[in-house]
Amino acid sequence: MSDTCRGGVEPATRDRRHRKRAALTVIEPTVAREDVASTGRVGAVAYPYRVVDAVATIERPLLSDRDIEYVVSVDRSRRLAVRADVVPETVATTLEDVLVVPAGLSDEQALEKAEDAVFKWTLRKVAVGSAPDIAFERSVDAYKLFWIGSRPDGDVIVDSVRGTETPLAD
């Protein structure tokens with residue numbers, strides 16, 4: 001695990017009720033755990049993300065260089081890079097009853113994934129004569145929270161940022 005990730009995560013512990021507790025830096029939820037309708041307790045799953053603010057610079061003959069800005073969200077557990085709208089706000093918090101998913105990508109691998117995504121997106125957007133220069137202006141390591149609620153017709157998982165709700169499949 002990277003030093004950046006270690007700085008934001010304390011080891012998970014168990015309290016007297018045998019539920020895990022962890023201190024994490026998380027993407028600020030728009031749906032609070034208390035707002036999830038559930039017939040029982042509401043659990044949490046924390047997925048590790050690295051969000052990168054990147055700029056691709058393209059050299060153009062007879063014209064000034066062109067800069068294209070991207071925000072890349074790298075899911076470090078599922079090893080996916082997707083385009084994001086903004087670098088999210090984060091908060092430090094301590095969560096009870098949480099499953100912290102380990103990161104499958106190191107810091108370097110996450111940046112390589114982001115760089116590959118920016119390169120592909122740039123080639124899809126403009127015709128270039130040479131490889132674009134890619135620079136990372138800032139990055140944020142944080143966990144995205146998903147709430148798990150119990151319902152009479154089956155458990156659901158709620159995205160704490162988007163507020164979307166999907167049935168939890170077996």
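These numbers were taken from a predicted model, which means no experiment stands behind them.
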side-chain contact (heavy atoms from CB on, under 4.5 Å) assessment of Ile27 paired with Leu145: CA-CA 7 Å; Ile27 297 172; Leu145 298 174; over 6 Å; no
Any donor-acceptor pair under 3.5 Å from Ser150 side chain to Gly40 backbone: no
Distance-minimising heavy-atom pair for Ala110 and Val74: O-CG2, 3.8 Å
Rounded distance (nearest 0.5 Å) linking atom OG1 of Thr166 with atom CZ of Phe146: 8.5 Å
Summary of side-chain hydrogen bond (donor to acceptor under 3.5 Å, both in side chains) pairs that have at least one residue in residues 116-140, sequence neighbours excluded: Tyr70-Thr122
All side-chain contact (heavy atoms from CB on, under 4.5 Å) counterparts of Val42, not counting sequence neighbours: Arg33, Val36, Ser38, Trp147
Distance-minimising heavy-atom pair for Gly43 and Asp97: CA-OD2, 3.8 Å
side-chain contact (heavy atoms from CB on, under 4.5 Å) involving Leu111 - partner list, sequence neighbours excluded: Arg50, Val52, Phe136
N/O donor-acceptor pair under 3.5 Å between Thr94 side chain and Leu24 backbone: no
Residue pair Thr30 / Arg162: nearest heavy atoms and the distance that separates them: OG1-N, 4.3 Å
Closest approach of Val31 to Gly163 (non-hydrogen atoms, all atoms of both residues): CG2-CA, 3.6 Å
Ser77: side-chain contact (heavy atoms from CB on, under 4.5 Å) partners, not counting sequence neighbours: Tyr47, Pro48, Asp75, Val101
Contacts of Ala84 that satisfy side-chain contact (heavy atoms from CB on, under 4.5 Å) - sequence neighbours left out: Val71, Ser73
Verdict with supporting geometry, Asp141 and Arg76, side-chain contact (heavy atoms from CB on, under 4.5 Å): CA-CA 10 Å; Asp141 287 317; Arg76 297 174 70 164; 3.2 Å; yes
Side-chain donor-acceptor pairs under 3.5 Å in residues 53-65, sequence neighbours left out?
| residue | atom | partner | partner atom | Å |
| --- | --- | --- | --- | --- |
| Thr57 | OG1 | Asp67 | OD1 | 2.8 |
| Arg60 | NE | Ser64 | O | 3.0 |
| Arg60 | NH2 | Ser64 | O | 3.0 |

